[in-house]
Amino acid sequence: MAHPKVVIIGAGIVGTSLADEITSRGWTDVTVLEKGPLFLTGGSTSHAPGLVFQTNPSKTMTEFARYTIEKFLALDHPDGSAFNPVGGLEVATTPQRWQDLHRKAGWAQSWGIDGHLLDPAACAALHPLLDADRILGGFHTPADGLAKALRAAEAQARLASARGAVFRPNQEVLGIVERGGRVAGVETADGVIAADVVICAAGFWGAEVAKQVGLVLPLVPMAHQYAKTGRIAALQGRNTERSEAGLPILRHQDQDLYFREHVDRIGIGYYGHKPMPVDMSTLSAVTADTEMPSMLSFTDEDFAPAWHESMELLPALSDSKVEEGFNGIFSFTPDGFSIMGEHRDLAGFWVAEAVWVTHSAGVAKATAEWIIDGAPKTEVHECDLYRFEDVARSDRFILETSSQAFVEVYDIIHPHQFRTALRGLRTSPFHARQQELGAYFFEGGSWERPAWYASNAELMQRLRDEGVQFPERDDWSSDFWSPISIAEARWTRERVAMYDMTPLTRYEIAGPGALELLQRLTTNNLDKSVGSVTYTLLLDEKGGIRSDLTVARLAPQRFQVGANGPLDFDWFTRNLPAAGDTDGAVTLRDITGGTCCIGVWGPVARDLVQPLCSDDISHHSFKYFRALQTYLGAIPVTMMRVSYVGELGWEIYTTAEYGSALWDLLWEAGRAYEVIAAGRIAFNSLRIEKGYRGWGTDMTTEHLPAAAGVDFAVRMNKPDFVGKAALEQAGPPTKILRSIVFDSPSMVVLGKEPVFMRGMCAGYITSAAYSATIGRSIAYAWLPAGAGPGDVVEVEYLGTLYTAVIHPEPVVDPEMSRIRR
Ligand code: FAD
Ligand code: THG
């Protein structure tokens with residue numbers, strides 16, 4: 001059979017790498033169309049200084065970078081290597097940065113990157129231009145270095161060409177041809193080129209290309225300054241024209257600077273200037289006088305502070321000056337991640353956008369696997385084209401958040417830090433009441449979510465008087481946190497609390513084909529009585545966990561699904577039966593915004609709620625994991641006896657207009673039981689101690705159900721479902737998600753820290769919390785399958801090792817006696 005015809009738009013580092021990755025998998029009918037010349041196309045790759053620092057808070061991005069280096073090192077080019085492994089050095093000039101480099105050293109360990117913290121003298125020994133007196137230390141990563149982006153592009157294009165790929169310069173794609181919901185080709189000035197698969201790798205032009213097919217790519221072309229000094233005496237004789245550089249690439253993030261050698265000159269990149277978004281409608285006019293359409297003229301005034309700070313750090317620069325520079329354009333996104341995936345409404349149209357040289361080959365490989373094998377081997381949800389909420393696709397949102405991402409690109413970012421711009425976009429009907437109670441709001445998915453309530457400060461005092469401990473924390477882990485959350489968690493276990501569950505993504509899946517769709521897509525058996533609630537998983541073809549859901553059967557053909565976010569909606573949408581299938585017709589509706597939910601949980605939850613409800617909600621009449629449509633007072637509600645915090649109680653849903661009345665009703669009835677409102681931090685600690693996994697953090701598509709400890713939700717005896725075949729083939733897991741308990745109660749890690757066993761890095765933390773119930777700090781960690789309860793581990797947090805023990809799961813209430821009563 002002939003292979004699908006593939007057209008790639010753009011011959012930058014991404015397009016050329018894609019051509020190589022796709023042809024190497026046997027799809028050799030590949031045409032790469034480039035509007036500029038080859039291979040100095042004029043895109044961002046044409047002038048990329050090519051610094052590759054692998055270590056990233058994201059495991060995925062780190063893996064993309066690692067693969068890129070591995071691949072570039074192996075490429076053949078007549079002019080020499082495509083990668084110069086000079087090493088990477090990041091220096092700290094402030095205590096905060098020095099601490100942050102310790103954290104970064106932790107990620108490097110967690111993701112398997114070789115890296116070491118060095119004192120100032122050792123840094124200066126590696127990079128003699130450094131003024132050791134100015135720095136507190138540095139983080140050295142020997143395998144990082146300089147990509148020769150253009151060479152890498154050419155070398156990969158050559159490999160692809162040898163397998164049959166065709167590269168065509170001066171061929172601008174002017175339009176996309178569609179036929180029957182599928183892409184059929186692209187238009188150029190020379191006519192239509194047929195294609196079964198079109199991949200948009202057009203760099204910062206990508207959003208314009210995608211717009212033609214109704215796709216919003218949340219990226220902003222942004223200018224960034226890069227300058228070169230004149231000859232530096234101290235560099236004389238160090239490098240040859242061929243090698244170009246020998247000193248490590250250098251980052252001075254406290255001043256938004258990075259440096260590399262160009263033989264005997266220094267190149268300086270600067271992120272400290274104001275964000276300079278580029279208006280694409282005027283791009284050709286403003287770049288008319290520059291060398292390339294991705295280059296704007298250098299703006300000296302913006303660079304002045306950079307030059308001053310560069311000389312401070314590298315005094316040897318003072319005998320020179322900035323000789324040349326430009327403001328180069330490349331893409332920024334709202335969350336700093338790339339954008340990958342297939343257009344949902346136009347099969348065959350793919351994007352690989354907002355990709356740094358650093359991650360280029362990794363992104364290309366994952367995209368090729370996705371297109372050819374149906375799923376990428378690397379976990380990519382952070383980069384998924386459909387990860388964005390509706391609100392995040394507005395021009396205003398894209399521009400403001402991407403500009404913020406530019407400003408923060410070298411900032412120290414706390415793992416719990418939330419967006420400050422564009423707040424208040426999504427509020428639940430309880431918002432006013434929460435404000436009255438002094439809620440401290442976090443942002444998540446553009447929702448305002450109470451993290452804790454100032455009103456519970458008194459409760460904290462009361463519990464302290466009763467002997468409850470409120471351990472002190474270090475400054476870093478007490479940011480975006482309050483000890484009030486300990487009181488809230490404790491009170492949930494002792495009495496009762498109300499949690500705003502409105503931001504929990506909810507869908508209604510209904511119609512004659514609804515059950516069949518859910519049976520085919522999820523792992524558990526959903527063919528149960530009306531009123532059943534089931535915990536179930538979405539898997540990909542490889543058996544990896546795409547999501548975990550609760551599914552309530554509210555009518556024979558109507559289900560309410562509790563999900564994890566936009567990616568679930570995307571997955572269901574893609575898998576809906578074909579339009580003409582009337583027998584199997586299914587409607588999928590996101591009902592999150594039109595509804596709201598309060599979780600009422602705690603030992604006295606039933607005492608609080610029963611008097612409001614004419615139905616019997618006793619343990620035997622309204623069983624665990626059942627749903628009931630009823631009334632509380634006059635308010636129509638759907639109650640589900642489900643508890644992510646592991647307590648007796650219900651998620652109580654109603655439509656938005658009843659929301660504030662529902663809150664008031666429960667709050668008034670709750671006075672007699674001393675009900676409190678409790679926030680996300682308490683919620684998170686309770687779910688971790690109860691053993692419940694958070695999708696996206698504790699488990700992802702990288703993990704099979706057994707490894708993540710959720711195989712109880714898989715019915716292998718059920719007829720075929722997505723991922724079943726892969727699970728049948730799977731061997732035993734090599735890594736398992738475990739609960740650990742720390743020795744020290746004041747020691748709370750935040751996530752992604754490395755975990756050691758017998759002195760060797762054995763895994764990493766996913767999520768962590770202080771458990772108010774057992775008065776200890778707890779966490780989940782991915783660890784070798786051979787490790788088990790009782791084994792001692794050490795967790796490195798900001799450079800210090802802390803001892804913990806693997807605990808049997810769940811840490812709290814393994815008998816389920818708190819819930820089933
Ligand atoms: P491009 O290289 O821009 O390629 C896209 C191609 O698509 C272009 O050649 C364009 O002509 C073509 N095209 C667009 N539209 C069409 C169309 N309609 N039809 C046909 N062809 C089309 N990254 C790092 O990893 N490390 C660094 O140190 C680094 N430093 C940087 C410094 C500066 C000053 C700048 C500007 C960027 C830097 N980057 C760095 C980022 C990096 O250069 C880019 O992210 C990367 O090169 C993007 O590659 P690409 O293939 O997606 O885009
Ligand atoms: N509520 C609802 N839907 C949800 C969540 C929720 N969907 C997304 C996410 N949270 C799903 N995660 C979980 C995890 C665990 C449980 C519920 C949702 C849970 N598990 C029980 C256990 O593991 O013991 C019951 C499992 C069973 O009986 O099969 O309660 O918070 N609506």
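Excluded from the calculations below are hydrogen atoms, water molecules and symmetry mates; all remaining heavy atoms, backbone and side chain alike, are included. Atoms within each ligand, like the ligands themselves, are counted from 1 in listed order.
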Have a look at ligand 1 and work out which part of [X], if any, has a heavy atom under 4.0 Å from it: side chain, backbone, both or neither.
X	answer
Ser331	neither
Ile329	backbone
Val355	backbone
Trp356	both

Give me the residue, atom name and distance of the protein heavy atom closest to [atom].
atom	value
atom 53 (O) of ligand 1	Gly203 CA, 3.4 Å
atom 10 (C) of ligand 1	Glu34 OE2, 3.4 Å
atom 2 (O) of ligand 1	Thr45 OG1, 2.4 Å
atom 7 (O) of ligand 1	Gly10 CA, 3.2 Å
atom 4 (O) of ligand 1	Gly12 CA, 3.4 Å
atom 35 (C) of ligand 1	Phe330 CD2, 3.5 Å

Locate the shortest heavy-atom distance separating [X] from [Y]; write the atom from each residue and the value.
X	Y	result
Val551	Phe559	CG1-CD2, 3.6 Å
Leu150	Phe39	CD1-O, 3.3 Å
Ala147	Val357	CB-CG1, 3.8 Å
Ala19	Val32	CB-CG2, 3.9 Å
Thr534	Lys528	OG1-NZ, 2.9 Å

Hey, would you say the [X] and [Y] ring centroids sit under 6.0 Å apart?
X	Y	answer
His224	Tyr258	yes
Phe204	Phe330	no
Phe326	His47	yes
Phe337	His381	no

Any side-chain donor near an acceptor of the partner, [X] and [Y], under 3.5 Å:
X	Y	value
Gln156	Ser17	yes
Ser310	Tyr270	no
Asn524	Tyr535	no
Arg506	Thr550	no
Asp190	Thr188	no
Ser338	His359	no
Ser817	Asp813	yes

Please verify whether a non-hydrogen atom of [X] lies at under 4.0 Å from ligand 1.
X	value
Gly50	yes
Ser294	no
His47	yes
Phe204	no
Leu33	yes
Gln171	yes
Gly42	no

[X] heavy atoms, cut-off 4.0 Å: which ligand 1 atoms fall inside?
X	result
Val14	50 (P), 51 (O), 52 (O)
Ala202	5 (C), 7 (O), 14 (C), 15 (N)
Trp205	3 (O), 8 (C), 10 (C), 14 (C), 15 (N)
Ala48	43 (O)
Thr41	8 (C), 9 (O)

Could an N or O of ligand 1 be found under 3.5 Å from any N or O of [X], whether backbone or side chain?
X	answer
His224	no
Gly328	no
Ser44	yes
Leu51	yes
Pro49	no
Glu172	no
Val357	yes
Val173	yes

Pairs of nitrogen or oxygen atoms, one from ligand 2 and one from the protein, closer than 3.5 Å: please tabulate them with distances.
| residue | atom | partner | partner atom | Å |
| --- | --- | --- | --- | --- |
| ligand 2 | 1 (N) | Glu651 | OE2 | 2.7 |
| ligand 2 | 3 (N) | Thr550 | OG1 | 2.7 |
| ligand 2 | 7 (N) | Gly562 | O | 2.9 |
| ligand 2 | 12 (N) | Asp548 | OD2 | 3.1 |
| ligand 2 | 24 (O) | Tyr692 | OH | 3.4 |
| ligand 2 | 32 (N) | Thr550 | OG1 | 2.9 |
| ligand 2 | 32 (N) | Glu651 | OE1 | 2.7 |
| ligand 2 | 32 (N) | Glu651 | OE2 | 3.4 |
| ligand 2 | 32 (N) | Tyr653 | OH | 3.4 |

Given Glu647, which partner from the list Lys690, Arg818, Arg641 fulfils the salt bridge (Lys or Arg N to Asp or Glu O under 4.0 Å) test?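 The option that passes is Arg818.
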query: Is the closest basic N to carboxylate O distance between Glu208 and Lys211 below 4.0 Å?
result: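 Between Lys211 and Glu208 there is a salt bridge, with a charged N closer than 4.0 Å to a carboxylate O.
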Note: Lys228-Glu261 ion pair, threshold 4.0 Å (strictly below) =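 No salt bridge links Lys228 with Glu261.
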Original post:
Which residues pass the side chain to side chain donor-acceptor pair (under 3.5 Å) test with Ser547, sequence neighbours left out?
Top reply: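 Partners of Ser547 by the side chain to side chain donor-acceptor pair (under 3.5 Å) criterion, ordered by chain and then number, come out as Asn564, Asp568.
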| query | Listed by chain and number, what are the side chain to side chain donor-acceptor pair (under 3.5 Å) partners of Arg687, not counting sequence neighbours? | reply |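 Only Asn684, Asp698, Ser767 meet the side chain to side chain donor-acceptor pair (under 3.5 Å) criterion with Arg687.
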Per atom 25 (O) of ligand 1, closest listed option by heavy atom (Thr358, Val32, Val363)
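Nearest heavy atom to atom 25 (O) of ligand 1 lies in Thr358.
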For atom 20 (C) of ligand 1, which candidate among Arg168, Lys35, Glu208 provides the closest heavy atom?
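The nearest heavy atom belongs to Lys35.
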* To do: Considering only protein heavy atoms, determine whether one is less than 4.0 Å from atom 22 (C) of ligand 1.
  =>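 Within 4.0 Å of atom 22 (C) of ligand 1, protein heavy atoms are found.
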Original post:
Which residues pass the salt bridge (Lys or Arg N to Asp or Glu O under 4.0 Å) test with Glu172, sequence neighbours left out?
Top reply: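 Here no residue qualifies.
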